[in-house]
Amino acid sequence: MKKLVILAAMVAAFSAQAAEVGLTGTRDYSGDNRNGYGVTIGDKFGAVGLTAGVERFNQGDRQDRYSVVAGYDVAKLGSVTITPKVGAAYLSNRAADNGYAMTVGVGASVPVTKTVSLGLDVARQYGQARVDQFDGNRVTASVRYGF
């Protein structure tokens with residue numbers, strides 16, 4: 001039930017004015033080295049971006065991860081935008097305790113067309129003691145469609 005409430009809140013917060021939606025693929029290097037997939041909804045306010053996402057990991061310790069991430073565009077190298085990011089996540093585990101985690105990282109985004117962009121993020125996750133077995137590095141590739 002808690003998962004549905006969090007998901008509904010994220011969708012309600014962004015759906016009225018979502019600037020972009022995306023599909024993600026993640027490699028999680030914490031313990032089991034799991035692969036995951038997910039969806040995101042985000043918006044930009046000048047150089048500041050805010051993204052809500054849901055990811056699912058089905059191998060090893062199976063998990064649903066609900067996150068909110070904020071970023072600030074600091075540099076542009078040609079068409080590549082570099083963005084430091086910080087976020088919070090709720091980890092809903094099927095075989096372990098649930099809990100909260102914080103992420104810190106950096107992302108790069110490249111426009112492919114006027115409405116489609118590709119992204120690559122590298123982040124480090126730090127969780128509560130009951131979910132610290134999921135602490136570690138994460139690499140996420142994404143395809144986003146902007147409105």
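Computation of the quantities below employed the complete heavy-atom set of this structure, encompassing side-chain atoms and omitting hydrogens, waters and symmetry-equivalent molecules.
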Original post:
Does the Q128 side chain pair with the main chain of Y100, one donor and one acceptor, at a distance under 3.5 Å?
Top reply: yes
**OP:** Return yes if a side-chain donor-acceptor contact under 3.5 Å exists between S109 and R144, otherwise no.
**Re:** yes
Subject >> Same cluster (ILVMFWY, side-chain, under 4.5 Å), V68 and V86 >> reply: no
**OP:** Quick one: pull up CZ in R65 and CZ in F57 and give me the separation to the nearest 0.5 Å.
**Re:** 6.5 Å
Original post:
So do the side chains of D135 and Q133 get within less than 4.5 Å of each other, counting heavy atoms only?
Top reply: no
Original post:
Rounded to the nearest 0.5 Å, how far apart are CD of E20 and CG of D43?
Top reply: 8.0 Å
Original post:
Any side-chain heavy atom of V21 sitting closer than 4.5 Å to one from F147?
Top reply: yes
**OP:** Return yes if a side-chain donor-acceptor contact under 3.5 Å exists between D73 and T81, otherwise no.
**Re:** no
Subject >> Atom pair OG/CG of S142 and L23 - distance to nearest 0.5 Å >> reply: 9.0 Å
**OP:** Please check if Y90 and V54 belong to a single hydrophobic cluster, counting links between Ile, Leu, Val, Met, Phe, Trp and Tyr side chain heavy atoms closer than 4.5 Å.
**Re:** yes
**OP:** Indicate whether any N or O donor in one side chain lies under 3.5 Å from an N or O acceptor in the other, for Q125 and T103.
**Re:** no
Original post:
Taking atom types as modelled and ignoring hydrogens, do the side chains of R56 and Q63 form a donor-acceptor contact shorter than 3.5 angstrom?
Top reply: no
Original post:
Roughly how far, to the nearest 0.5 Å, is OG of S67 from NZ of K85?
Top reply: 10.0 Å
Original post:
Got F134 and N93 here, is their nearest side-chain heavy-atom distance under 4.5 Å?
Top reply: yes
**OP:** Please tell me if the side chains of D132 and Y126 come closer than 4.5 Å, counting only heavy atoms from C-beta onward.
**Re:** no
Original post:
Is S117 close to V112 at the side-chain level, that is, under 4.5 Å between some pair of heavy atoms?
Top reply: no
**OP:** Could you check R138 against D121 for salt bridge (charged side-chain N to carboxylate O under 4.0 Å, His left out), going step by step and ending with a plain yes or no?
**Re:** CA-CA 8 Å; R138 306 165 47 80; D121 294 354; over 6 Å; no
Original post:
Do M102 and R124 touch side chain to side chain, with heavy atoms closer than 4.5 Å?
Top reply: no
**OP:** Taking the side chain as every heavy atom from C-beta outward, state whether V106 and T83 have any pair of such atoms under 4.5 Å apart.
**Re:** no
Original post:
Between R34 and E55, is there a salt bridge with N-O shorter than 4.0 Å?
Top reply: no
Original post:
How about N35 and Q59: do any of their side-chain heavy atoms sit closer than 4.5 Å?
Top reply: yes
Subject >> K76 atom NZ: more than 12 heavy-atom contacts under 6.0 Å >> reply: yes
Subject >> Polar contact flag, side-chain donor to acceptor under 3.5 angstrom, D28-T26 >> reply: no
